[in-house]
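Just so we're on the same page: letters track the sequence lines, and every chain starts at 1.
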Amino acid sequence: MQNQQEKPTKKLQKCSVLGPVAAIFASANTGSWRLERPEVDFDQCIKCGTCARYCPPDIITIDKTKKECVSFDWNYCKGCGICANECPKKCIKMVPEGSEA
Amino acid sequence: MLEIKDEARGLISHGVSACHGCGLEIVIRKVMDALDDDVIILIPPGCAALFSGYCKETNVKVPGYQGNLENTAASASGIRAALKAKGNDHTTVLCFCGDGATVDIGLQSLSGAFERNDKILYVCYDNEAYMNTGIQGSSSTPLFAATTTTPGGKKVRRKDLTQIAIAHNIPYVATASAHNIADLQKKVKKAREADGPALLHIYAPCPTGWRSNPAKTIEISRLAEQTGCWINFEYEDGKVTINSKVKELKPVEEYTKLQGRFKALTPEQKVALQEEVTSNYNATMKKLQFMSE
């Protein structure tokens with residue numbers, strides 16, 4: 001038993017790390033789950049940032065200098081609809097994914 | 001040391017395989033935003049383990065490891081002792097556990113860490129059942145809530161974790177919810193500065209386990225506070241501050257009707273639940289007001 005355990009550890013003399021270690025910081029493409037996507041009515045938007053604050057994957061960016069101030073990262077948006085539900089002006093609408101704007 | 005494959009804004013990557021509208025995902029992001037990268041994170045098995053990643057990929061930028069369900073607080077004590085031996089007193093040891101790993105399985109090691117007065121920051125995100133393994137009831141599941149192990153509704157009341165922690169005489173205990181982010185982040189910063197163990201009990205709705213609409217996560221969290229099902233307060237060196245300022249409690253039905261786990265309630269059970277919530281709210285408020293004087 002002792003010999004069996006020693007064998008693999010002796011081979012790993014150069015390796016200073018013990019056990020499985022995650023050393024790559026990566027993201028899954030959760031945007032592929034999306035069934036509905038949020039669409040903003042920019043005429044009503046008051047640029048308050050509530051949608052960005054409550055977004056679970058934190059992928060909403062607010063740029064107050066632009067007219068189209070709210071932008072989404074479609075690689076990660078899961079389409080949960082929290083932004084549409086929490087918007088104080090109710091100017092975000094969930095539309096089926098794949099439909100025309 | 002860490003190879004960055006996909007860049008992220010904060011300390012947590014954007015693409016994490018948590019469910020749609022996950023309350024935990026909001027909570028962990030806001031907690032990590034309030035801290036900086038001088039943190040060692042400990043995550044037991046549970047939904048939070050999604051954030052520690054699969055194989056060689058991780059979703060958090062800070063070092064940490066995934067232990068067992070029952071020994072998170074004990075592991076944190078060990079890490080704190082090792083940091084002390086190295087002369088490091090600035091790194092925060094953060095435990096990020098679910099309600100199962102806190103009030104059920106991990107309670108003994110948590111109690112031990114509180115007794116030893118080890119300086120750890122223990123965050124319990126409460127989604128009121130074992131969501132990661134398939135919605136089994138935990139001792140944090142509220143009365144009458146249906147889970148896979150309590151299909152007819154839970155018959156007994158939930159444990160009060162914060163009172164258990166306060167009984168250990170630790171410097172900082174607080175409750176927070178997912179909808180009040182400014183309050184949550186303020187409490188995280190205070191808990192980090194505490195001279196000893198600090199416990200944060202955070203309400204994190206789970207659309208999958210509660211069978212609710214993912215879009216209503218924040219609304220449910222807000223209603224829990226407004227109906228008296230959840231009370232936000234902080235306990236700091238013997239002094240209590242109540243943060244939930246509800247003038248008049250809303251009927252519990254407004255909270256329960258949004259969730260499938262309360263769908264099978266009979267009219268008698270609805271009345272009993274309302275009575276239970278109101279009496280528990282009044283008793284807890286009385287206790288907290290007594291402690292705040």
Side-chain angles (χ1 to χ4, degrees), chain A residues 15-40 48-63 70-97, chain B residues 1-30 32-33 50-66 178-182 184-185 204-205 207 213-222 258:
Chain A
C15 187
S16 61
V17 182
L18 294 169
V21 173
I24 302 169
F25 181 75
S27 289
N29 179 22
T30 50
S32 61
W33 304 2
R34 190 170 60 247
L35 298 174
E36 283 181 317
R37 70 167 188 273
E39 228 170 61
V40 187
C48 63
T50 307
C51 50
R53 196 161 64 237
Y54 290 126
C55 178
D58 191 17
I59 46 90
I60 303 180
T61 315
I62 309 277
D63 187 351
V70 184
S71 59
F72 300 87
D73 187 339
W74 299 118
N75 287 329
Y76 306 121
C77 175
K78 296 174 193 167
C80 63
I82 290 182
C83 48
N85 198 56
E86 291 305 312
C87 179
K89 299 296 271 183
K90 298 279 171 222
C91 64
I92 304 179
K93 211 169 66 184
M94 300 304 288
V95 295
E97 185 64 32
Chain B
M1 187 70 188
L2 192 67
E3 186 190 323
I4 309 268
K5 204 166 145 194
D6 302 298
E7 195 39 83
R9 222 183 284 169
L11 291 169
I12 294 180
S13 73
H14 296 300
V16 181
S17 44
C19 308
H20 292 74
C22 179
L24 157 68
E25 200 178 351
I26 303 174
V27 167
I28 193 168
R29 266 178 222 288
K30 302 305 166 187
M32 294 308 284
D33 279 354
L50 297 171
F51 293 83
S52 60
Y54 299 104
C55 302
K56 51 185 183 178
E57 291 185 349
T58 173
N59 285 318
V60 283
K61 278 183 189 167
V62 294
Y65 78 90
Q66 200 184 323
H179 72 275
N180 198 342
I181 289 162
L184 164 66
Q185 292 189 325
N213 182 350
K216 306 260 181 195
T217 301
I218 298 295
E219 199 177 320
I220 288 174
S221 171
R222 198 173 285 130
L258 294 174

Review point. Under a 4.5 Å heavy-atom cut-off, does chain A meet the side chain of B:A8, its backbone, both or neither?
Key: both
Check your understanding: Which pairs, with at least one residue in residues 52-61 of chain B and sequence neighbours excluded, count as a salt bridge (Lys or Arg N to Asp or Glu O under 4.0 Å)?
Key -> B:K5-B:E57, B:E7-B:K61
Review point. Using non-hydrogen atoms only, which part of A:N29 is less than 4.5 Å away from chain B: side chain, backbone, both, or neither?
Key: neither
**Study point:** Atom CG of A:L35 with >12 non-hydrogen neighbours under 6.0 angstrom
**Key:** no
Review point. What's the verdict on side chain to side chain contact (heavy atoms under 4.5 Å, CB included) for B:L258 and B:N213, showing C-alpha distance, side-chain angles and the deciding distance?
Key: CA-CA 8 Å; B:L258 294 174; B:N213 182 350; over 6 Å; no
Review point. For A:C83, which of A:C77, A:C51, A:C55 qualifies under side chain to side chain contact (heavy atoms under 4.5 Å, CB included)?
Key: A:C51
Study note, to complete from the structure: Within residues 84-95 of chain A, the residues sitting under 4.5 Å from chain B by heavy atom, in sequence order, are A:N85, A:E86
Practice item. Go through the atoms of B:L11 and report whether side chain, backbone, both or neither lie under 4.5 Å from a heavy atom of chain A. Key: backbone
Check your understanding: Which region of B:L2, side chain (C-beta onward) or backbone (N, CA, C, O), has a non-hydrogen atom less than 4.5 Å from a non-hydrogen atom of chain A, or is it both or neither?
Key -> both
Check your understanding: Can you check whether B:G10's main-chain N or O pairs, donor with acceptor, with B:D33's side chain at less than 3.5 Å?
Key -> no
Exercise for review: Please look at B:K216 and chain A and tell me whether the side chain, the backbone, both or neither of the residue comes under 4.5 angstrom of a heavy atom of that chain.
Suggested key: both
Point to revise | Straight-line distance of A:D58 CG to B:I12 CD1, nearest 0.5 Å | key: 9.5 Å
Point to revise | Contact class of A:F25 relative to chain B, heavy atoms under 4.5 angstrom | key: both
**Study point:** Closest non-hydrogen atom pair, A:R34 against A:W74
**Key:** NH1-O, 3.0 Å
Review point. Tell me, do B:T58 and A:I24 make a side-chain contact under 4.5 Å, heavy atoms counted?
Key: no
Review point. Of all of B:L24, B:V27, B:V16, B:I28, which one pairs up most often with chain A through heavy atoms under 4.5 Å apart?
Key: B:V16
Point to revise | B:N180 CG to B:Q185 CD distance, which is reported to the nearest 0.5 Å | key: 10.5 Å
